[in-house]
Amino acid sequence: MSDLLAAFEATYGAAPAGVWAAPGRVNLIGEHTDYNDGYVLPAAIPYTARAAVRPRTDGVLRLYSEQGDGVVTELRVEELAPGSVAGWAQYPAAVVWALREAGHEVGGADVYLTSDVPGGAGLSSSAALECVVAIAYRDLHGLDLDATALALLAQRAENAFVGVPCGVMDQMASTACTEGAALFLDTRTMTGRQVPLDLAGQGLRLLVIDTRVKHDLGDGAYAELRAGCERAAGLLGLAALRDLTPEELPGALDRLPAELRPLVQHVVTENRRVERAVAHLTAGELAELGPILTAGHASLRDDYRVSCPETDLAVAAAVAAGALGARMTGGGFGGSVLALVPSEELDQIAAAVTTAFAEAGYGSPRTFAATPAAGAHRVS
Ligand code: GLA
C-alpha cells in the first residue's frame, strides 16, 4: 500500500487523507434477476479497486487511474452532468455527481485509483471503481450512508450518469459482502443475509475462468433483455417478474408472445435456484450447489441466451474434467465462468479448460481460485 501513497504524492504533491478498497464479485447464482426484483447470491473476490483520496475545497475533481489513459482528468464538480465525462473517469465522476444529486454537500478531491479486478471479465470492475469512491467520500465527509445506501447511490450513478441500466447486485456485492460468505439478497426489499461459505472445510474451491472475450453485442442486449422482462411483467399485470411463482409459470407463458416466454422461464426458475442454493448452503451441503450452477447455465444458454461459445465451452470442459458444476457469472456475452471444484482437482480442471480452449482455437483463459472476500473498507 505504501506504493499507492507514494504514487498519490508523486501525482498530486501531498499525502492523501486515506486509502480505501472495494472488491469485484462473482455471482454464485441469481443472474438477470436483480432488475426483476428477484434474488441474487454474490460473493466478493479478493481483487479490489483502491483509491487514495484527498478532499479539495475549490470545487475541482482531479482523477488519475493506473489503468486509465496516463493523464490526470480535471473536472469541476458543479459542471458534472450525465454525458459530460467519457471513458474510465465517468465512473468516479458519476459517484460524485450522484452524491450531490442526493443532496450531500460534497466538493472536489484529488483521487488516485488503481485496480486489480480484471476489466471486461464480468467481475464488476466498474462497480468496484464506483464503490471505492463512494465509500471514500462517505468517510471523508462523515456521511450517514450504510452499505445498502452506498450501493444504491453507486447504482444510480451508473444508471443515470454513465447510462447503463444495471441492477443493484454488483454494487451491493462490492459494499456489503463479508469475508468467507456469500450475500443472499432480496433486491426488492434490499434485505439479505450473509450465508457462510466454508468451501475449504468441505474440500471445495471456486475456480474462476475468465474467458477474456467480451462480445460487443452485450451492450445493447442487456437493455433489451431488461425491457423484455418489464414488458412481460406488464402484460401479466405484475409489478415485476419476481411476483410470478413456478406454479403460475405455465399459465403465464400461455398468455405471452413467444419471444418473451424464454425470458420469463429463466427468471422464474432462476429465483427458485437461488432459494434452493441458499437452503443447501445453510444446511452445510455445499456440494449440492454444483448441479444448481450447471442448471443455471443451461437456462442462461437456452432460455435467456446470454452465454456464448467460449463460456459454453468453459462450462462443458470444467464439468467434463470433474467440476461439480459450472456456469457463466455476470451479465454474459463473454466474461467469466465459475466452477465448483474439489480442492485437489482445481489445477487439473483449470488445465483441462485451457487445453479445450487451445483445441477450439480460442485464446488462453485466465484462471484463479476465488475465496469469498470482504466488501468495501478503509485501508489506511
Ligand atoms: C450485470 C449487471 C447486474 C446484473 C447482472 C446479471 O452484472 O450490472 O446488475 O443484472 O449483469 O445478473
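Owing to the predicted nature of the structure, the values given are computational and were not obtained by experimental measurement. Each ligand, and each atom within it, is numbered from 1 in the order the structure gives.
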Task: Candidate pair F357 and Y362, rule ring pair (Phe, Tyr, Trp, His ring centres under 6.0 Å), full reasoning - done: CA-CA 5 Å; F357 267 52; Y362 300 153; 5.4 Å; yes
Task: Any V53 side-chain heavy atom under 4.5 Å of W20 side chain - done: yes
Task: Atom indices of ligand 1, in the order listed, that fall short of 4.0 Å to a heavy atom of Y35 - done: 10 (O)
TODO: Please tell me if the side chains of V85 and F161 come closer than 4.5 Å, counting only heavy atoms from C-beta onward.
DONE: yes
Task: Nearest non-hydrogen partners of Q194 and A176, listed with the distance - done: NE2-O, 2.9 Å
Task: Interfacing atoms of ligand 1 (cut-off 4.0 Å, heavy-atom, G167) - done: 9 (O)
TODO: For R25, take its heavy atoms, then give the atoms of ligand 1 lying under 4.0 Å from any of them.
DONE: 7 (O)
Open item on the list: Students should be able to answer this: which protein heavy-atom is nearest to atom 1 (C) of ligand 1, and at what distance?
Closed with: D170 OD2, 3.7 Å
TODO: Provide the number and element of each atom of ligand 1 under 4.0 Å from a heavy atom of M169.
DONE: 4 (C), 5 (C), 12 (O)
- [ ] For atom 11 (O) of ligand 1, find the nearest protein heavy atom and state the residue, atom name and distance (0.1 Å precision).
- [x] G331 CA, 3.4 Å
- [ ] Start with the C-alpha gap between Y39 and E270, add the side-chain angles, then the distance that decides, and say whether side chain to side chain donor-acceptor pair (under 3.5 Å) holds.
- [x] CA-CA 8 Å; Y39 303 124; E270 185 78 349; over 6 Å; no
TODO: On the 0 to 90° scale, with breaks at 30° and 60°, tag the H266-H32 ring pair as parallel, tilted or perpendicular.
DONE: perpendicular
TODO: Note the single closest protein heavy atom to atom 9 (O) of ligand 1, along with its residue, its atom name and the distance in Å.
DONE: D34 OD2, 2.5 Å
Task: Aromatic plane relationship, F368 with Y47 - under 30° parallel, 30 to 60° tilted, over 60° perpendicular - done: perpendicular
Open item on the list: So for M172, does at least one of its heavy atoms come nearer than 4.0 angstrom to any atom of ligand 1?
Closed with: no
TODO: Measure the distance from atom 10 (O) of ligand 1 to every protein heavy atom, then report the residue, atom name and distance (to 0.1 Å) of the closest one.
DONE: Y222 OH, 2.6 Å
